[in-house]
Protein chains: 2
Amino acid sequence: MSARDVRTREEAMMPNLAEVAQRAKVSTATASLVLSGKDVGRVSRATAKRVLRAATEIGYVRNALAAGMRSGRTSCLGVVAEGVLSTPYAVDMIKAVLTAAAEHGWSVILNDTGDEGQRAHEAVQEMLSRQVDHVIQAAMYHRRVDVPSDLPDVVVLNGFADRPGVPCVVPDETRAAFEATEHLIALGHTRIAHITDTSGVVAVGLRLRGYRDALEAHAIAYDERRVIRGGDAPEQADASARRLLALRPRPTAVFCFNDGMAAGVYRQAYRAGLRIPEDLSVVGFDDLTLISTNLDPGLTTMRLPHYEMADWLTRAVINDGPGGLHSGITRMPCRMVHRGSTAPPLTA
Amino acid sequence: MSARDVRTREEAMMPNLAEVAQRAKVSTATASLVLSGKDVGRVSRATAKRVLRAATEIGYVRNALAAGMRSGRTSCLGVVAEGVLSTPYAVDMIKAVLTAAAEHGWSVILNDTGDEGQRAHEAVQEMLSRQVDHVIQAAMYHRRVDVPSDLPDVVVLNGFADRPGVPCVVPDETRAAFEATEHLIALGHTRIAHITDTSGVVAVGLRLRGYRDALEAHAIAYDERRVIRGGDAPEQADASARRLLALRPRPTAVFCFNDGMAAGVYRQAYRAGLRIPEDLSVVGFDDLTLISTNLDPGLTTMRLPHYEMADWLTRAVINDGPGGLHSGITRMPCRMVHRGSTAPPLTA
DNA sequence: CTGAAAGCGCTTACAG
DNA sequence: CTGAAAGCGCTTACAG
């Protein structure tokens with residue numbers, strides 16, 4: 001074959017290592033050593049300088065494909081996201097992965113398999129084919145994740161694996177719900193309702209647990225009638241909110257499973273002529289700023305640690321590899337963002 | 001060197017083409033032909049079957065690095081995003097790129113250089129090093145994009161290049177603003193205000209143009225006092241909205257530069273005791289559903305064609321290459337989403 | 001401190 | 001219809 005058979009680097013004016021070596025009058029071995037920073041104590045400073053200058057002069061860019069094939073390491077991270085980009089909730093995770101990876105000089109191959117998670121197998125094959133060093137499997141919300149068995153170096157972000165031995169990181173839902181509820185208790189509330197979801201997502205149980213634990217810790221009786229279950233969409237959030245406001249005696253505070261449900265409470269409270277926070281304190285969950293900052297007053301809510309989880313996991317994987325990680329579930333704390341939707345009860 | 005020097009496919013139990021060929025009792029040339037689908041009329045059906053069976057039996061996954069190096073094509077798309085993941089506005093573009101690429105069997109290397117766009121050069125070097133076939137440069141909002149000169153096969157998504165010869169795609173802002181305004185005119189409004197941005201982003205001028213054109217097309221006098229300029233944050237949106245409501249005679253409708261500003265109008269209208277849409281019709285822009293569906297009533301707004309732009313561009317690049325594209329600006333239409341925040345004026 | 005040479009796993013003209 | 005062999009651009013023991 002000739003140089004014309006394929007779209008060569010030469011055609012695209014991409015010089016290769018041999019040309020750098022030739023120009024610097026050294027072997028490709030020496031040039032490689034210098035250009036990959038492995039030259040200390042092995043190549044004289046003068047030679048190294050010559051190589052670097054030559055590389056700069058002809059605009060050398062190393063072919064990562066060739067390097068990866070020879071060395072067996074690609075400095076490439078595969079991210080198999082399951083619908084992460086379909087939600088505004090979790091995009092921060094991708095952002096964190098990209099940022100942390102870039103800081104380490106790593107690249108990221110991203111594949112979002114969509115809400116169904118159907119294309120997951122294909123995505124994994126693709127990652128293997130591209131020889132990524134590690135795979136991060138990211139879930140759009142805290143849930144159980146099916147981890148392909150043919151994937152050795154895998155970790156799970158925002159979910160837990162269906163098999164043991166896989167490092168996972170999730171938000172500490174129960175603790176967050178405990179703190180949110182305790183915040184309301186500290187303000188003097190005792191009739192605290194909880195609006196939650198009808199779906200079976202794990203966070204529902206974990207946050208309910210935190211809510212109950214907080215009540216119990218402060219000797220407030222748990223009243224099942226104050227736990228309202230409804231859907232996620234705006235109309236369903238409205239329905240839940242109406243049921244909340246119909247409770248007698250009316251709760252003076254509500255802890256909502258997410259910000260969308262809190263938005264429903266705002267809409268119905270205004271329609272009923274109630275003031276927030278004077279007549280009703282509201283705490284949300286997620287901190288979708290598009291919702292929380294556009295409500296009036298701004299919504300006090302628990303921020304999910306999407307960025308922190310992804311940042312931590314990415315750095316850990318790059319620095320230690322999945323093997324260096326605790327092979328189990330790591331829980332990360334959520335932080336409460338105070339904006340003005342809570343106050344002491346008027347009756348206090 | 002020996003097989004133990006590097007982390008080989010053997011260690012990871014990754015069979016290579018030679019093993020497939022050996023098992024199928026053919027040469028690697030024949031195996032390669034079959035496994036890359038180039039065997040029609042070149043390899044007998046029986047031989048092809050043997051190869052495919054052998055590959056399946058030993059769980060062969062082709063090494064895309066080696067294939068890419070030899071063939072000069074990687075079926076890999078580089079996406080240099082400039083803060084796209086930092087905004088809820090434009091994530092749909094990434095989603096569309098990933099989906100379209102996956103459908104063609106392409107992988108995507110994603111790099112978000114953050115809001116500043118500082119790391120753009122590094123990102124480009126990275127892409128070149130990884131030998132991506134094409135690069136898509138994506139902007140977080142419609143704006144001028146500095147396209148690195150050392151990047152031959154590049155196209156711009158949601159922006160326009162600073163140099164000629166680069167295919168670009170952007171939303172048709174002027175037409176969208178024209179249609180939004182015309183919708184209000186068709187309902188019978190004549191006192192139509194426009195709340196816009198103080199920043200110098202290009203969309204400000206383009207949408208103002210569409211607003212003015214629509215008024216002119218329907219012989220409604222343009223009144224500069226009805227164009228209110230303010231910032232983007234909730235408090236600034238509130239300030240703009242207050243100025244709107246202080247106008248005398250009060251406009252019966254308002255076309256907002258974005259949904260966040262429309263949310264400010266809702267807040268202030270409610271505080272002033274005005275009903276939407278009876279007393280004031282509101283049209284937004286962007287269709288951030290977290291805002292538009294959580295307002296009461298739901299916000300009628302122009303949806304930006306982020307998904308469509310990215311989908312179209314990705315398919316075009318993969319199928320034709322950047323060279324096959326119109327080397328200039330392509331404008332894509334926005335679609336109006338009707339939700340109930342507009343109605344005929346009461347005085348009509 | 002430096003270089004010659006092997007080899008990563010594939011694809012591709014080319015010869016038969 | 002099939003195979004032998006070259007070569008993509010690197011990195012890495014190894015020899016000197």
Side-chain angles (χ1 to χ4, degrees), chain A residues 1-12 14-22 24-51 55 60-75 128-131, chain B residues 1-12 14-22 24-51 55 60-75 128-131:
Chain A
M1 63 160 285
S2 78
R4 235 129 260 103
D5 294 330
V6 293
R7 190 177 130 233
T8 60
R9 315 194 100 207
E10 216 166 338
E11 278 181 71
M14 298 276 279
N16 61 20
L17 187 64
E19 293 169 60
V20 174
Q22 190 178 21
K25 302 204 194 307
V26 296
S27 68
T28 58
T30 300
S32 172
L33 249 26
V34 172
L35 292 173
S36 51
K38 294 175 186 157
D39 56 323
V40 275
R42 307 231 265 148
V43 178
S44 74
R45 290 182 58 89
T47 307
K49 263 191 186 166
R50 265 204 338 275
V51 171
Y60 172 72
V61 178
R62 157 198 198 197
N63 184 328
L65 257 43
M69 184 160 55
R70 180 58 177 80
S71 70
R73 277 164 292 104
T74 52
S75 296
L128 289 174
S129 169
R130 302 268 175 199
Q131 314 295 116
Chain B
M1 62 158 286
S2 78
R4 234 128 262 101
D5 294 330
V6 293
R7 190 178 129 232
T8 59
R9 316 194 98 205
E10 216 168 340
E11 279 179 69
M14 298 276 279
N16 62 18
L17 187 64
E19 293 168 61
V20 174
Q22 191 177 21
K25 302 205 193 307
V26 296
S27 69
T28 58
T30 299
S32 172
L33 249 25
V34 172
L35 292 172
S36 51
K38 294 174 187 158
D39 56 323
V40 275
R42 307 232 264 150
V43 179
S44 73
R45 291 182 57 89
T47 307
K49 263 190 185 167
R50 267 207 332 278
V51 171
Y60 172 73
V61 178
R62 156 197 198 200
N63 185 329
L65 257 43
M69 184 160 55
R70 180 58 178 79
S71 69
R73 277 164 293 106
T74 51
S75 296
L128 288 175
S129 169
R130 303 269 176 198
Q131 312 296 115

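Every chain is numbered from 1, with letters handed out A, B, ... down the list of sequences.
- Here the P atom of nucleotide D:dC10 and the CG atom of B:Leu65 are 13 Å apart, to the nearest Å.
- Nearer the 5' end of DNA chain D, as judged by each residue's closest nucleotide, is the contact made by B:Thr47, out of B:Thr47 and B:Ala66.
- Checking the phosphate oxygens (OP1, OP2) of C:dT11, a side-chain nitrogen or oxygen of B:Arg62 falls inside 4.0 Å.
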Show me the donor-acceptor pairs, under 3.5 Å and distance only, between side chains in residues 42-49 of chain A and residues at least two apart or in other chains.
residue	atom	partner	partner atom	Å
A:Ser44	OG	A:Thr47	N	3.2
A:Ser44	OG	A:Thr47	OG1	2.7

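- Summarising the geometry, the separation between CE on B:Met14 and P on C:dC8 is reported as 15 Å, rounded to the nearest angstrom.
- Closest-nucleotide positions on DNA chain D for A:Ala31 and B:Thr28 were compared, and the one nearer the 5' end corresponds to B:Thr28.
- Residue-level contact check: A:Ala67 touches the backbone only, with heavy atoms under 4.0 Å from sugar-phosphate atoms and none from bases.
- Here the P atom of nucleotide C:dG3 and the CG atom of A:Leu17 are 12 Å apart, to the nearest Å.
- Taking only side-chain nitrogens and oxygens, B:Asn16 comes nearer than 4.0 Å to OP1 or OP2 of C:dG9.
- If you take NZ of A:Lys25 and P of C:dG3, they are 12 Å apart, rounded to a whole angstrom.
- Using a 4.5 Å heavy-atom cutoff, the side chains of B:Asn63 and B:Asn16 are not in contact.
- OP1 or OP2 of D:dT12 has at least one side-chain nitrogen or oxygen of A:Arg73 nearer than 4.0 Å.
- Going from atom CD of A:Gln131 over to atom P of D:dC10 covers 18 Å, rounded to whole Å.
- Going from atom CE of A:Met69 over to atom C1' of D:dT11 covers 11 Å, rounded to whole Å.
- Nearest-nucleotide positions on DNA chain C for B:Leu33 and A:Ala29 put A:Ala29 closer to the 5' end.
- Using a 4.0 Å heavy-atom cutoff across all strands shown, A:Ser44 reaches sugar-phosphate atoms only and no base atom.
- For A:Thr74, the side chain to side chain contact (heavy atoms under 4.5 Å, CB included) partners are A:Cys76, A:Gln131, A:Asp133, B:Leu65, B:Arg130, not counting sequence neighbours.
- Remark: the backbone N or O of B:Val61 is not paired with any side-chain donor or acceptor of A:Ser129 at under 3.5 angstrom.
- Nucleotide D:dT2 holds its C1' atom 15 Å from the CG atom of B:Leu35, rounded to whole Å.
- Every side-chain hydrogen bond (donor to acceptor under 3.5 Å, both in side chains) that B:Ser27 has, sequence neighbours left out, goes to B:Thr30.
- Residues meeting the side chain to side chain contact (heavy atoms under 4.5 Å, CB included) test with A:Ala21, sequence neighbours left out: A:Val26, A:Thr28, A:Ala31.
- What separates CZ of A:Arg70 from C1' of D:dG7 is a distance of 16 Å, to the nearest Å.
- Contact annotation: B:Lys38 side-chain N/O to C:dT12 OP1/OP2 distance is under 4.0 Å.
- Atom CD of A:Glu19 is separated from atom CE of A:Met14 by 11.0 Å, given to the nearest 0.5 angstrom.
- The minimum heavy-atom distance between A:Leu17 and A:Tyr60, with the atom names listed, is N-CE1, 3.4 Å.
- At C:dG3, one or more side-chain N or O atoms of A:Thr30 fall inside 4.0 Å of OP1 or OP2 (strictly under the cut-off).
- Taking only side-chain nitrogens and oxygens, A:Arg42 never comes nearer than 4.0 Å to OP1 or OP2 of C:dG3.
- Consecutive pairing runs in DNA chain D reach the stem threshold at C:1-3 with D:14-16, C:5-12 with D:5-12, C:14-16 with D:1-3, where a stem means at least three Watson-Crick or G-U wobble pairs with distances under 3.5 Å.
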